[in-house]
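Note sheet for the following structure.
All values below come from the heavy atoms of this structure, side chains included, with hydrogens, waters and symmetry mates left out.
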Amino acid sequence: MNITVNPRFAAAALATAMLAGCATVQNPSPSDPWEGFNRGVYKFNDTVDRGLFKPVAQAYDYVMPDPVQNCVHNMFSNLGDVWGAANSMLQGRGHDAVNTFGRFLFNTTMGLGGCIDVATMNGANKIPNDFGTTLGVWGLGQGPYVVLPLLGPSTVRDTAGRFGDWAGNVVSVREIDNVRLRNSLWGLEVIDTRASLLDATDTVDRVALDPYSFVRDAYLQRRAAMVRGGQPGSEANLPDYSLDEEADAPAAAPVPAPAK
């Protein structure tokens, strides 16, 4: 089934949604000074998602067996660990960089090319990372919240980080020379990403009185936690490596109880 979207129609719909949103917010949040504009883009994204991306993701989720979905998701996630390790190194988190790159090697070899996440099974959990987080660790402020057409929640800093991710992440689908294979895998990655968010978006629709504010606040809180986790001296969002060190240390001699 081929689904085509007229670019002129999409551009007109986006412009209409943005103009409609700009006139509705009188007292925007300090972190979201462009709320009127953002709500218009959010409405456009939500319309496109409900009409295209979500139905395709639901069909994929319905047709594809869970083991196959997990394999596809794990393989894309495994490729991302290389860039994640590079960002940990740029942030001065050498231990995280070594562990994340170790995850990639372990899953690529023992996990059949990343199909099976054996690293997580053995306690080496994934550490989300990207260049937007690196910029935050380096001290660049997040700037205003912004909703990007089709891409969704972001900030000025994270938008700049996306360009860094695009330029720096050489272990990705876009490096494949075969155009047909590259585009097919890219489409599969988009569908896999949307399918992985089905439960989350259904929860937002069910419990959020204002889905826009709910998504915005959740996004900003998560990004702030990721930056705090990457700053020197912070333990937020980082695995507890002390558990490994305690396991390797010799057991302390028991202290005798005081005589009564």
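Contacts of Asp130 classified as salt bridge (charged side-chain N to carboxylate O under 4.0 Å, His left out), with partners at least two apart in sequence or in another chain: Arg223. Asp81 is linked by a salt bridge (charged side-chain N to carboxylate O under 4.0 Å, His left out) to Arg103, Lys126, counting only residues two or more places apart in sequence or in another chain.
The two residues Phe53 and Leu150 have their closest heavy-atom pair at CE1-CD2, 4.3 Å. Across every non-hydrogen atom of Ser154 and Tyr219, the tightest pair is CA-OH, 3.4 Å. Between Asn107 and Val118, the closest heavy-atom pair is OD1-N, 3.0 Å. Counting all heavy atoms, side chain and backbone alike, Pro211 lies closest to Tyr42 at CB-OH, 3.4 Å. Residue Ser88 comes nearest to Asp96 through the heavy atom pair OG-CB, 3.8 Å, listed as atom of the first residue, atom of the second, then distance. Pro30 and Pro33 get closest at one heavy-atom pair: O-CD, 3.6 Å.
For Asn178, the CG atom sits in a packed shell: over 12 heavy atoms of surrounding residues, nucleotides or ligands are nearer than 6.0 Å.
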Stepwise side chain to side chain contact (heavy atoms under 4.5 Å, CB included) test for Phe76 and Val173: CA-CA 9 Å; Phe76 285 126; Val173 169; 3.7 Å; yes

From CA spacing to verdict: side chain to side chain contact (heavy atoms under 4.5 Å, CB included), Leu220, Ser31: CA-CA 9 Å; Leu220 293 177; Ser31 63; 3.7 Å; yes

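Following chains of ILVMFWY side-chain contacts shorter than 4.5 Å, one cannot reach Leu198 starting from Val56, and the two form parts of different hydrophobic clusters. Under a hydrophobic clustering in which Ile, Leu, Val, Met, Phe, Trp and Tyr are joined whenever their side-chain heavy atoms come within less than 4.5 Å, directly or via other members, Val41 and Val204 fall into the same cluster. Val68 and Val190 end up in the same hydrophobic cluster when Ile, Leu, Val, Met, Phe, Trp and Tyr side chains are linked at under 4.5 Å. Under the 4.5 Å side-chain contact rule for hydrophobic residues, Ile191 and Leu181 share a cluster.
For the atom pair CG (Leu185) and CD1 (Ile176), the distance works out to 4.5 Å, reported to the nearest 0.5 Å. Between the OG1 atom in Thr47 and the NZ atom in Lys43 there is a gap of 6.5 Å [rounded to 0.5 Å]. How far CH2 of Trp34 is from OG of Ser29: 13.5 Å, rounded to the nearest 0.5 Å. Atoms CE and CD1, from Met226 and Ile127 in turn, are 10.5 Å apart once rounded to the nearest 0.5 Å. To the nearest 0.5 Å, the span separating CG on Leu151 from CG on Asp158 amounts to 12.0 Å. To the nearest 0.5 angstrom, Arg93 atom CZ is 8.0 Å from Thr134 atom OG1.
No side-chain heavy atom of Pro67 sits less than 4.5 Å from a side-chain heavy atom of Asn70. With a 4.5 Å cut-off on side-chain heavy atoms, Asp210 and Arg39 count as touching.
Within the structure, the side chain to side chain donor-acceptor pair (under 3.5 Å) test picks out the following pairs touching residues 49-68 (sequence neighbours left out): Asp46-Arg50, Asp49-Arg194, Arg50-Asp205, Lys54-Asp202, Asp61-Gln69. Sorted by first then second residue, the side chain to side chain donor-acceptor pair (under 3.5 Å) pairs that include residues 182-193, not counting sequence neighbours, are His73-Asp192.
The closest donor-acceptor contact from the side chain of Asn87 to the backbone of Asn129 lies at 3.5 Å or more, if one exists at all. The closest donor-acceptor contact from the side chain of Asp117 to the backbone of Thr120 lies under 3.5 Å. Looking only at distances, no side-chain donor or acceptor of Asn169 sits under 3.5 Å from a matching main-chain atom of Trp83. Not one N or O on the side chain of Asn78 forms a donor-acceptor pair closer than 3.5 Å with the backbone of Asn74.
Applying the under-4.5 Å side-chain rule to Ile, Leu, Val, Met, Phe, Trp and Tyr, the cluster around Leu79 extends to Val82, Phe101, Phe104, Leu105, Val170, Val171.
One side chain, Asp32 or Tyr212, offers a donor N or O that lies under 3.5 Å from an acceptor on the other.
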Donor-acceptor contacts under 3.5 Å from residues 135-149 side chains, at least two apart:
{"from": "Trp138", "atom 1": "NE1", "to": "Leu90", "atom 2": "O", "distance (Å)": "3.1"}

